[in-house]
Amino acid sequence: MRILSQEFYARPARLVAPDLLGKRLVRNYDGQRIAGLIVETEAYCDPEEPDLACHGDRTNKGRPTPRTKVMFGPAGFGYVYFTYGMHWMFNVVTGKTGQANAVLIRALEPVEGEWLIARNRAGRERADWTNGPAKLAQALAIDGTLNEVCLFKTEGGIWIEDQPTISFENISTGPRVGLGNTPEPWISKPWRYWLTNNRFVSGKNRG
DNA sequence: ATGTTGATTGGCT
DNA sequence: GCCAATCAACATT
């Protein structure tokens, strides 16, 4: 078992996002492990070109705000934010310090601590436990207390473990989800990555 | 100080 | 397919 290092994260989001597919997101939940294999991600803010869909670019003229400041910090930390009045989103900060680079974790395939996930997602079918960004946050008991958590050590209670690399042939790409008001060209950028035909990818996008 | 929006989900039609 | 839920951050005044 090897925990992904800070160096792994300290690359552009568009490289880290596909590389995270297949990796194991682990949560220490009262001493018990809850874990899932990452099956869907989205990249926000390529350092090579601005990304108007990225929280770091779309507010405050691209300068940090209390919510987004962690995105501008060093790679390998969690960016957790609250939206729609009820949902938490879990991102990993990537890229260079000073750049608002991050990858949204959108879906997991449950592999450890499934009885705990079942409890956190009470009443839902296994297929609906972690097939969406807010769903996996609830499944792993992720909330705002994990904002700015260090992901390359275990002390913060959440980290990502290395797994065999996924061949590019098994990775699909497409536009990101839920961008609403974001202008072109960003709304159409194919910066979402998922494991082709995986049952736990969000929505209907599995092809 | 007030208004708008949102990197979603789940329930209903 | 459509829409309400629910509120913090952000934009505007």
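We name chains A, B, ... by the order of the sequence lines, and we start the count at 1 in each one.
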Hey, does A:R11 have a side-chain heavy atom less than 4.5 Å from the side chain of A:T94?
-> no

Apply salt bridge (Lys or Arg N to Asp or Glu O under 4.0 Å) to A:E112 and A:R27, showing your working.
-> CA-CA 10 Å; A:E112 292 183 64; A:R27 176 85 165 108; over 6 Å; no

Rounded interatomic separation in angstrom, taking CG from A:L104 and P from B:dT8 = 7 Å

C:dC10 phosphate, OP1 or OP2, under 4.0 Å from A:R67 side-chain N/O = yes

Can you check the A:N181 CG to B:dT8 P distance for me, whole Å?
-> 13 Å

How far does the P atom of C:dT6 sit from the matching atom of B:dT2, given to the nearest Å?
-> 23 Å

Among A:Q6, A:E7, A:R2, which one satisfies side chain to side chain contact (heavy atoms under 4.5 Å, CB included) with A:L4?
-> A:R2

Whole-angstrom distance between B:dT5 and C:dC3, as gauged at atom C1' | 16 Å

Here the distance between atom C1' of B:dT8 and atom CZ of A:R192, to the nearest Å, is 14 Å

A:F72: ring-ring contact (aromatic ring centres under 6.0 Å, His included) partners, not counting sequence neighbours | none

How long is the line joining OH of A:Y193 and C1' of B:dA7, in whole Å?
-> 15 Å

What's the OH-C1' distance between A:Y84 and C:dT6, to the nearest Å?
-> 12 Å

In dot-bracket notation, what is the pairing pattern of DNA chain B, taking Watson-Crick (N1-N3 plus N6-O4 or O6-N4) and G-U wobble (N1-O2 and O6-N3) contacts under 3.5 Å, with [ ] crossing and | for other strands?
-> ||||||.|||||.

Presence of salt bridge, A:R121 and A:D128, under 4.0 angstrom = no

Of the options A:F8, A:F152, A:Y9, which is the one that meets A:I160 in a side chain to side chain contact (heavy atoms under 4.5 Å, CB included)?
-> A:Y9

Tell me, which pairs form a side chain to side chain donor-acceptor pair (under 3.5 Å) where one or both residues lie in residues 72-83 of chain A, sequence neighbours left out?
-> A:H55-A:Y79

Would A:K23 and A:E161 pass as an ion pair if we require N to O under 4.0 Å?
-> no

In whole angstrom, what separates A:H55's NE2 from C:dA9's C1'?
-> 10 Å

Apart from A:V26 itself, which Ile, Leu, Val, Met, Phe, Trp or Tyr residues share its cluster (side-chain heavy atoms under 4.5 Å, direct or through members)?
-> A:M1, A:I3, A:W159

Are any of the side-chain nitrogens in A:E42 or A:R176 under 4.0 Å away from the carboxylate oxygens of its partner?
-> no

Check whether any side-chain heavy atom of A:V93 lies under 4.5 Å from a side-chain heavy atom of A:N101, and answer yes or no.
-> no

Check nucleotides 11-13 of chain C against the protein and report each pair of N or O atoms closer than 3.5 Å, with its distance, or say if there are none.
unit_1 : atom_1 : unit_2 : atom_2 : d
C:dA11 : OP1    : A:N60  : N      : 3.1

Residue A:F82, side-chain heavy atoms: nucleotide from C:dC7, B:dT8, B:dA7 that is nearest | C:dC7

Given side chains that start at C-beta, do those of A:W191 and A:Y193 come closer than 4.5 Å, heavy atoms only?
-> yes

Anything under 3.5 Å between a protein N or O and an N or O of nucleotides 9-13 of chain B, put it in a table, one pair a line.
unit_1 : atom_1 : unit_2 : atom_2 : d
B:dT9  : OP1    : A:P133 : N      : 3.0
B:dT9  : OP1    : A:A134 : N      : 3.2
B:dT9  : O4'    : A:H87  : NE2    : 3.3
B:dG10 : OP1    : A:R121 : NH1    : 3.2
B:dG10 : OP1    : A:R121 : NH2    : 2.9
B:dG10 : OP1    : A:R124 : NH2    : 3.4
B:dG10 : OP2    : A:K135 : NZ     : 3.3

Looking at every strand, decide which applies to A:R176 at a 4.0 Å heavy-atom threshold: base, sugar-phosphate, or nothing.
-> nothing

Select base, sugar-phosphate, or nothing to describe what A:L179 touches, counting heavy atoms under 4.0 Å on all strands.
-> sugar-phosphate

